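Before any comments, here is the structure.
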Number of protein chains: 2
Amino acid sequence: MSATDRQVADRLHSAAIHLLRHVRTVDSKSGLTASRLSALSVIVFGGPISISELAEAEQVRPPTISRLVKELEWEGLVSRQRDTRDRRVIRIRATSKGKRLLFEGRERRVAKLAERVAGLSPDERERLAEAAATLERFSLPADHPLS
Amino acid sequence: MSATDRQVADRLHSAAIHLLRHVRTVDSKSGLTASRLSALSVIVFGGPISISELAEAEQVRPPTISRLVKELEWEGLVSRQRDTRDRRVIRIRATSKGKRLLFEGRERRVAKLAERVAGLSPDERERLAEAAATLERFSLPADHPLS
DNA sequence: TCATTTCGTTAGCTAAGCTAATGATTGTGG
DNA sequence: CCACAATCATTAGCTTAGCTAACGAAATGA
């Protein structure tokens, strides 16, 4: 691990913190926070999925997801169903309302960022597009269904 | 704002979420979380700074910073001093312990990321370094003292 | 069958964000 | 000069999101 690697990591770290703080400012309107958006997107695109699988995909512990799903269900965004094969597991799927809200809420957050992207010079915009693609490859744990 | 801008923003958004989840796993050892690290770094490098200034730099509300500073002070990482000119404001500065912990704690988080950076191909590593530099320019609100 | 493992939940803790209200100080218009 | 307005920080009280430990229900296997 070189000194450069550390510098790169440091920059990514700071940038991630500040980017998320920035987008968080629009959450009041959507009612969907970062965690919910992320989980909901895995549910929407990852099909019916169990609590454990979801926890792993989101890199958090089962109780965290368990509660999150309870809240999403409470708001009618997802539904749960016991697996008939293995009655311990629960399959979670998005409702149509959940799918709709996912796209809308994500759009709000992303639009907030996109505003800033749009304000850059064409040159810098091109660089940022490349950076985003690279970063996506780097940040995804390979087995992550989407996000 | 083009469709591409949205896609770029979307990728940055997801990547930020997952990167922070990743580094968070080492916080138990350091005792310094993402928010504390970030604030402490502003205090260390931004010299004596008021609560309001700190809140603005960190893009959060004053009460959030007020509590954070109280905790940092409680742990002996920063000290506060009333401004003699304007006795409403409080100037916060890092203690030597605070400075030391900043570098150590930051190092731990960053090392976690750097591990992953180091595991990439030279080619991809080069791309990521460029991405990090670009991202740093993008994510900083220009007036942000450091981090 | 009975012990172990796995899946999900509950309980209870911490951190970090917010708004609203308050106290202390400063600044200002009559 | 003084009363009122504005500013700075804090407190109180709420929410979300993470964690571990403990537990019940279901499956697995010796």
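All values derive from a computational prediction rather than experimental measurement. Letters go in sequence order (proteins before strands), and every chain restarts at 1.
- Residue-level contact check: A/R85 touches the backbone only, with heavy atoms under 4.0 Å from sugar-phosphate atoms and none from bases.
- Closest approach to the B/R88 side chain among C/dA20, C/dT26, D/dA27 is made by C/dT26 (side chain taken as heavy atoms from C-beta onward).
- Nearest nucleotide to the A/R61 side chain, out of C/dC18, D/dC8, D/dC19: D/dC19.
- The CD1 atom of B/I65 sits 11 Å away from the P atom of D/dA9 (whole-angstrom rounding).
- By the 4.0 Å N-to-carboxylate-O rule, B/R6 lies too far from B/D10 to be salt-bridged with it.
- A/Q59 has its CD atom 11 Å from the P atom of D/dG18, to the nearest Å.
- B/T64 places none of its side-chain heavy atoms less than 4.5 Å from the side chain of B/R67.
- The side chain of A/V89 approaches C/dG8 more closely than any other nucleotide in the set D/dC8, C/dG8, C/dT9.
- Atom CD1 of B/I90 and atom C1' of C/dA24 are 11 Å apart (whole Å).
- Along DNA chain D, the nucleotide nearest to A/P62 and the one nearest to B/K70 differ in position, and the one closer to the 5' end is contacted by B/K70.
- A close approach under 4.0 Å does not occur between any side-chain nitrogen or oxygen of B/T64 and OP1 or OP2 of C/dG17.
- Heavy atoms of A/S35 sit under 4.0 angstrom from primed sugar atoms or phosphate atoms, though from no base atom.
- The CD-C1' distance, from B/E53 to D/dT7, rounds to 13 Å in whole Å.
- Computed from coordinates, the B/L32 CG to C/dT14 P distance equals 18 Å when rounded to whole Å.
- The side chain of A/R80 contributes no N or O atom lying less than 4.0 Å from OP1 or OP2 of C/dC7.
- With hydrogens and angles ignored, a donor-acceptor pair closer than 3.5 Å exists between the side chain of A/R67 and the base of D/dG18.
- A salt bridge is defined here as a Lys NZ or Arg NE, NH1 or NH2 lying under 4.0 Å from an Asp or Glu carboxylate O, and A/E104 with A/K99 fails to meet this definition.
- Between A/D83 atom CG and D/dA26 atom C1' the separation is 12 Å, expressed in whole Å.
- For A/S52, the listed nucleotide lying nearest its side chain is C/dG8; candidates were C/dG8, C/dA11, C/dA24.
- Taking only distance into account, the side chain of B/R87 never meets the base of C/dT25 through a donor-acceptor pair shorter than 3.5 Å.
- Looking at A/K97, A/R36, A/K70 one by one, the single match for side-chain hydrogen bond (donor to acceptor under 3.5 Å, both in side chains) with A/E75 turns out to be A/R36.
- Rounded to whole Å, the distance from CD on A/E71 to C1' on C/dT9 is 14 Å.
- Residues A/L72 and A/I92 have side chains not in contact (no heavy-atom distance under 4.5 Å, counting atoms from C-beta outward).
- We find that CD of A/E56 is positioned 16 Å from C1' of C/dG8, with the value rounded to whole Å.
- Picking from D/dA21, D/dT10, C/dC18 the nucleotide with the shortest atom distance to the side chain of B/I51 gives D/dT10.
- Mapping B/D86 and A/R82 onto DNA chain D via the closest heavy atom, the residue that lands nearer the 5' end is B/D86.
- Looking only at atom types and distance, the side chain of B/E58 has a donor-acceptor partner in the side chain of B/S38 under 3.5 Å away.
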